There are 2 protein chains.
Amino acid sequence: MRLGNVDVPRDTCQLVGNILGHLGDKWSVLIIVLLRERPMRYSELERQIETVSKKMLTTTLRHLERDGFISRAVTPTIPPRVDYQLSELGREVMEPLDVLARWALRNSDRIVEARSRYDSDHEP
Amino acid sequence: MRLGNVDVPRDTCQLVGNILGHLGDKWSVLIIVLLRERPMRYSELERQIETVSKKMLTTTLRHLERDGFISRAVTPTIPPRVDYQLSELGREVMEPLDVLARWALRNSDRIVEARSRYDSDHEP
DNA sequence: CTGTATCCTCAGTGATACTG
DNA sequence: CAGTATCACTGAGGATACAG
């Protein structure tokens with residue numbers, strides 16, 4: 001893999017793909033974007049996202065925690081309380097993520113056009 | 001969804017997610033990166049990627065073409081020849097993609113560390 | 001050579017009920 | 001409240017054979 005003039009070794013390349021993969025999964029980016037606003041509790045994330053199941057919310061949060069993008073703070077009261085927030089690493093990854101999201105935003109029209117052009121060209 | 005100070009409307013937000021989704025799928029980024037080097041034929045992409053099935057290679061190429069990131073040029077010889085290359089839009093998306101990939105590259109160590117820390121904390 | 005068609009598997013995802 | 005356990009389903013993805 002090459003990035004600009006840099007030749008990227010295979011192992012590192014896989015890691016990059018792996019990270020991009022995680023960020024590309026169904027809920028990660030959304031969670032990161034929400035947590036950038038402010039720390040949130042489990043139930044609050046659940047309410048904000050609405051369409052996510054407990055299972056996937058938990059799974060995604062665990063992945064993000066494992067990769068060091070978010071931190072998880074348990075307050076062992078009864079009932080328990082768990083707060084999630086972006087870690088330093090998580091805040092830092094927001095920058096390149098923003099660049100990409102903003103690009104997508106700026107160019108969404110061109111993509112929509114490309115799609116309808118493609119679709120009308122390939123219709124029966 | 002919010003990006004920085006900008007409030008993003010729901011429709012557009014979905015599109016962004018949709019685009020990020022595509023870029024996040026298993027082969028798209030890899031293909032884009034390969035095609036940035038130079039235009040390639042179908043078979044060349046197949047050989048370069050090695051582990052991709054014909055089905056997924058074709059599917060991914062179609063998606064990228066539909067979104068306007070690559071162009072497909074058929075030379076109707078026998079046997080046929082098909083060349084793929086980045087479109088203008090495709091070359092432009094490389095920039096934000098590079099930013100993200102470079103970030104991942106620069107910070108891969110921190111992520112690997114975070115992972116082993118998490119794993120050793122959670123494994124008994 | 002560049003695909004399409006078919007069949008198959010399995011990881012990702014969701015719904016629901018249950019627990020500390 | 002914040003999960004885990006369980007079951008079920010779907011679609012992504014792969015292997016292979018075949019076609020233009």
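Predicted model only: the values in this text are computed from it and were never measured.
- Between B:Ser53 and the phosphate of D:dA15, there is no side-chain N or O to OP1/OP2 separation shorter than 4.0 Å.
- Using modelled atom types, one side-chain atom of B:Asp25 and one backbone atom of B:Ser28 make a donor-acceptor pair closer than 3.5 Å.
- A:Lys26 has a side-chain polar atom (N or O) that falls below the 4.0 Å cut-off from OP1 or OP2 of C:dG14.
- The phosphate of C:dT2 has neither OP1 nor OP2 within less than 4.0 Å of any side-chain N or O from B:Arg47.
- For D:dA2, the OP1/OP2 oxygens have a side-chain nitrogen or oxygen of A:Ser43 closer than 4.0 Å.
- Put simply, the side chain of B:Arg72 never gets that close to the backbone of B:Val82: no donor and acceptor are under 3.5 Å apart.
- As a whole-Å value, the separation of A:Glu44 CD from D:dC1 P is 12 Å.
- Applying the 4.0 Å criterion to OP1 and OP2 of D:dC1, one finds that A:Tyr84 has every side-chain N and O outside that range.
- Residue A:Leu61 contributes atom CG, which lies 16 Å from atom C1' of C:dG12 at whole-angstrom precision.
- For the pair B:Glu46 CD and D:dG14 P, the computed distance is 12 Å after rounding to whole Å.
- Distance, B:Lys54 NZ to D:dG14 P: 14 Å, rounded to whole Å.
- Linking ILVMFWY residues whenever their side-chain heavy atoms come closer than 4.5 Å, directly or via other members, places B:Leu35 and B:Met94 in the same cluster.
- With rounding to whole Å, A:Trp27 atom CH2 is found 17 Å from C:dA11 atom C1'.
- There is a path of hydrophobic side-chain contacts, each under 4.5 Å, that joins A:Leu89 to A:Leu30.
- For the pair B:Arg41 and C:dG3, the criterion of a side-chain N or O lying under 4.0 Å from OP1 or OP2 is not met.
- Using modelled atom types, one side-chain atom of A:Arg91 and one backbone atom of A:Leu86 make a donor-acceptor pair closer than 3.5 Å.
- Taking only side-chain nitrogens and oxygens, A:Arg62 comes nearer than 4.0 Å to OP1 or OP2 of D:dG3.
- The listed nucleotides are D:dG14, D:dA2, C:dG3; the one nearest the side chain of A:Pro80 is D:dA2.
- Taking atom NZ on B:Lys55 and atom C1' on C:dC7, their separation rounds to 9 Å, with Å as the unit.
- Atom pair B:Met56:CE and C:dA5:P shows a separation of 16 Å (rounding to whole Å applied).
- Between the CE atom of A:Met40 and the C1' atom of D:dA2 there is a distance of 17 Å, rounded to whole Å.
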